[in-house]
Amino acid sequence: MQEPAISEKLIADHGINDEEYARLLEIIGREPTYTELGIFSAMWNEHCSYKSSKKWLRTLPTEGPQVICGPGENAGIVDIGDGQCVVFKMESHNHPSYIEPYQGAATGVGGILRDVFTMGARPIAAMNSLSFGEVSHPKTKSLVNGVVAGVGGYGNCFGVPTVGGEVRFDPAYNGNCLVNAFAAGLADTDKIFYSAASGVGMPVVYLGAKTGRDGVGGATMASAEFDDTIEEKRPTVQVGDPFTEKRLMEATLELMATGAVISIQDMGAAGLTCSAVEMGDKGGLGVKLNLEDVPQREENMTAYEMMLSESQERMLMVLKPELEAAARAVFIKWDLDFAIVGETIPEDRFLILHNGEVKADLPLKALSGTAPEYDRPWVPTPKAAPLEDVPAIDPIKGLTALISSANYARKSWVWEQYDSMVMADTVDGPRLGAGVIRVHGTDKLLAFTSDVTPRYVKANPTEGGKQAVAEAYRNLVSKGAKPLATTDNMNFGNPEKPEIMGQFVGAIQGIGEACIALDMPIVSGNVSLYNETDGTGILPTPTIGAVGLIDNIDQLILGGIQEGDVALLLGETQGHLGQSALLAEAFDRVEGDAPAVDLATELANGEFVRTNASLIRAASDLSDGGLALAAFELAQDAKLGLALETDDTAQLFGEDQARYVLVATPDNAATLISAAKTAGVSLAEIGTFKGDTLSFGSTTASLADLTAIYNNSFAEQLA
Amino acid sequence: MRAAVVVFPGSNCDRDLAVALEKAGADVTMVWHKDTDLPKGLDFVGVPGGFSFGDYLRCGAIAARSPICRSVVDFANKGGHVFGVCNGFQILTETGLLPGALLQNAGLKYICKNVGLKVESTNSAFTAGYTAGSEITIPVAHHEGNYTADAETVAMLQAEDRVAFTYTDNPNGATADIAGIFSENRRVLGMMPHPERMAEPAHGGTDGAPMFASLINALIPA
């Protein structure tokens with residue numbers, strides 16, 4: 001096949017600008033071949049190179065005694081004691097999911113699972129954070145149905161329990177949905193695998209599924225805005241095969257146990273190119289590949305296509321040559337491809353041969369090391385205008401506005417499509433707050449949560465960034481867990497716009513401050529920029545995935561509220577209604593500043609909950625919808641009524657931070673109140689669980705009626 | 001009790017079933033689908049849930065034709081106890097050991113949640129530990145759990161007391177609310193719900209535990 005000549009249009013089509021092309025010429029000293037241009041475009045696009053975000057990501061706290069491996073590898077690794085660790089990361093698959101929701105979401109789940117088992121960890125939990133356009137938008141329903149089915153279709157077949165997540169709707173996502181997938185795995189700390197190659201002349205082995213033409217150019221697509229040519233981008237979306245992924249996971253873990261693996265890397269974005277360069281770069285070695293040895297699903301594939309294919313369920317490994325037979329046997333057992341496709345070489349060179357012909361011959365270090373890095377201009381987000389008066393609202397009306405909206409209705413229509421119990425270690429699945437699983441064969445538990453309030457981040461990126469971390473912290477603490485560490489999935493619009501870059505910078509600052517104060521270092525993450533369509537960006541959405549540890553099942557705060565149990569409010573309420581859920585859902589107003597986050601109070605209140613976990617029957621953090629929504633959620637879960645004295649709109653629906661509702665027996669409640677005095681935290685009794693009505697002051701409604709609205713609203717609008 | 005759990009490449013509840021059997025006191029061996037023979041001296045074979053061959057073609061159809069399944073059928077035909085959960089139930093219908101088929105859920109979506117079951121028959125080694133007519137809570141997790149058989153077969157299953165469990169609130173459109181059925185000799189049980197996921201307090205309930213306890217009880221060698 002005749003390769004296209006290098007032209008200005010071809011270069012631009014690869015997303016490489018003039019400045020970057022000049023740099024490319026400087027590095028290689030000649031015009032690139034077609035394949036080389038493709039390789040540069042794969043390595044230098046925003047998705048793979050983090051060229052706009054790197055400068056700011058470096059400022060995040062990534063260390064702590066609990067951290068075994070921070071950002072830079074396939075996933076972060078955190079110590080959970082007893083020689084075990086949890087390996088986790090969150091990653092976006094936004095652009096593909098909007099173009100082709102089922103496969104886009106499915107392969108997003110597949111990609112993050114591979115990141116985890118590539119490191120030697122068996123995946124034990126998954127979550128997903130989904131953002132869609134307004135419910136009435138013509139695309140929303142089909143996107144929700146496709147994405148949810150895709151997440152479920154992949155994770156259910158693979159066999160990992162999906163234990164938590166978020167689903168939100170806002171017009172800002174009409175043209176760009178967000179699909180952020182989280183996975184966590186369990187490994188022994190002395191059996192972790194990394195990507196750095198070592199040793200010269202070591203075989204480079206291709207593992208897993210065959211290479212096809214799917215996903216060619218996907219990472220470049222994911223680094224651009226959308227316009228009305230979006231339908232043409234459908235072929236850049238990969239197709240997932242969870243059955244192959246399940247076999248690849250089992251085979252990879254078995255392979256690792258043979259001792260044959262020197263280093264290993266999954267093929268994700270930009271497939272063979274990215275994985276080979278990364279292994280060589282980290283190991284200070286060159287890589288030579290013979291593409292005719294790559295297992296191929298389609299005929300007459302070119303070097304360009306093979307190097308840029310994003311076919312799923314593939315890995316690249318550097319093998320101990322003496323153990324080849326044992327390694328190969330594992331892959332034969334699982335009916336997967338195992339092909340030696342190249343070797344490590346001593347010089348700094350990425351040499352791609354196809355049937356003996358040189359298709360690319362590039363300096364390897366330069367491909368990753370010299371990727372462009374931008375200090376994009378940014379402007380701070382202006383201070384939000386003060387909130388105009390909010391009229392008082394009948395609390396039942398306010399609550400009904402919340403629980404009948406798709407944003408705050410019960411999401412069981414979503415999570416019941418996910419297997420939340422496979423592996424038989426799920427102790428608390430999707431319901432309220434964090435999901436909890438048992439570390440198999442032990443009494444330890446891990447809690448998982450995913451949080452962000454994009455409205456807050458837009459109004460005030462720094463406080464919004466802090467709030468996302470603080471809410472994740474509170475959700476973990478509400479189950480009795482000690483928050484350990486965090487993964488961040490930064491979803492923003494076009495970074496070339498200074499105001500968008502300003503949102504990013506502000507959010508990073510807030511996330512960083514909160515992670516330091518709450519001792520939850522960032523150990524992995526992902527950045528998704530250019531979430532814009534026809535120039536309109538999404539709400540800034542820095543999704544925070546967080547993991548906590550519960551040392552013993554006795555420390556778990558599980559719920560199971562009994563009649564006569566007392567509800568207590570921990571934390572102080574000023575009644576902050578700016579950017580609140582009530583304002584948006586009941587008054588259709590998006591105004592005011594985000595609530596301020598006092599990290600010292602967050603820590604003090606969180607420590608109080610954890611210290612007194614054995615006295616607490618149930619706990620819920622207060623976030624969107626404030627006290628009213630949290631009280632209702634606990635009451636409906638318990639199927640017991642609750643009467644709160646106040647009917648004040650701001651007291652009930654304000655979204656002040658650092659607050660929880662705690663539930664305890666009357667005796668334990670008394671003990672908690674005196675403990676709170678000693679600890680200097682604010683704790684007050686607010687009601688008793690009994691009867692079958694929910695009351696705020698003198699307004700009352702049947703809990704059963706409210707529960708029916710809560711349970712049915714989501715499906716009524718989106719099924 | 002000597003038990004084997006069959007492992008297909010896409011099984012993902014194999015460990016869960018083995019753990020539940022072991023906790024009840026069984027001695028469990030995992031058996032790979034490419035093996036042709038089951039271990040000697042077995043009392044029980046479990047066919048676990050999951051996606052044996054990706055649920056490609058038709059759930060359970062490829063697995064039912066794998067080498068090990070010939071031995072599982074022989075084992076059952078000689079009077080051995082065989083238990084198929086979820087995908088295992090689908091596989092057992094595909095082998096012909098159990099009548100009927102599992103179609104897509106009536107709602108066309110995957111469903112994972114706790115459901116109420118009525119214990120219809122305690123006349124088996126699997127269900128002897130329950131009280132007839134009692135209601136228990138066990139989770140389901142499937143996309144193809146809609147049990148379907150012709151009217152004659154359903155009438156026969158009911159007449160012969162071969163319906164093990166029915167749903168109290170049918171989640172998938174199954175004929176006659178059927179959640180699980182026995183073979184004619186009552187030694188093969190297939191069911192869509194997962195008792196191994198409700199077998200210890202950490203699971204949030206133990207309504208699945210009596211199944212494993214009664215199996216052990218019944219199959220302890222004299």
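Reminder, nothing fancy here: chain letters follow the sequence lines and each chain counts from 1.
With a 4.5 Å cut-off on non-hydrogen atoms, B:N105 does not touch chain A at all. Residue A:E416 touches chain B through both its backbone and its side chain, counting heavy-atom pairs closer than 4.5 Å. Neither the backbone nor the side chain of A:D428 comes within contact range of chain B; no heavy atom of the residue lies under 4.5 Å from a heavy atom of that chain. Residue A:S420 touches chain B through both its backbone and its side chain, counting heavy-atom pairs closer than 4.5 Å.
Ring pair A:F243/B:F53 is tilted by interplanar angle, where 30° to 60° counts as tilted.
No side-chain heavy atom of A:V148 sits under 4.5 Å from any side-chain heavy atom of B:Y110. Side chains of B:C13 and A:V422 form a contact here, defined as non-hydrogen atoms less than 4.5 Å apart. Counting heavy atoms from C-beta on, the side chains of B:N12 and A:F158 never come closer than 4.5 Å. The closest side-chain heavy-atom distance from A:W334 to B:P9 is below 4.5 Å. Within the 4.5 Å cutoff, the side chain of B:W32 has heavy atoms near those of the A:K333 side chain. Residues A:M421 and B:E196 have side chains not in contact (no heavy-atom distance under 4.5 Å, counting atoms from C-beta outward).
Here the straight-line distance linking atom SG of A:C157 with atom CG of B:N87 works out to 9.5 Å at 0.5 Å rounding. Taken from CH2 in A:W413 to NZ in B:K109, the straight-line distance is 4.5 Å, to the nearest 0.5 Å.
Environment of NZ in B:K34: crowded, with over 12 heavy atoms of neighbouring residues, nucleotides or ligands closer than 6.0 Å.
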In sequence, state the C-alpha distance, the side-chain angles, and the governing distance for A:M423 and B:R15, and then conclude on side-chain contact (heavy atoms from CB on, under 4.5 Å). CA-CA 7 Å; A:M423 301 183 94; B:R15 186 188 77 180; 3.8 Å; yes

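Per-residue counts of heavy-atom pairs under 4.5 Å with chain A were compared for B:A202, B:A141, B:A199, B:G204; the largest is that of B:A202. Of the listed residues (A:V427, A:N156, A:I553, A:N145), the one with the most heavy-atom contacts under 4.5 Å to chain B is A:N156.
When each of A:D425, A:T426, A:D419 is paired with B:R197, the side chain to side chain donor-acceptor pair (under 3.5 Å) condition holds for A:D419 and for no other.
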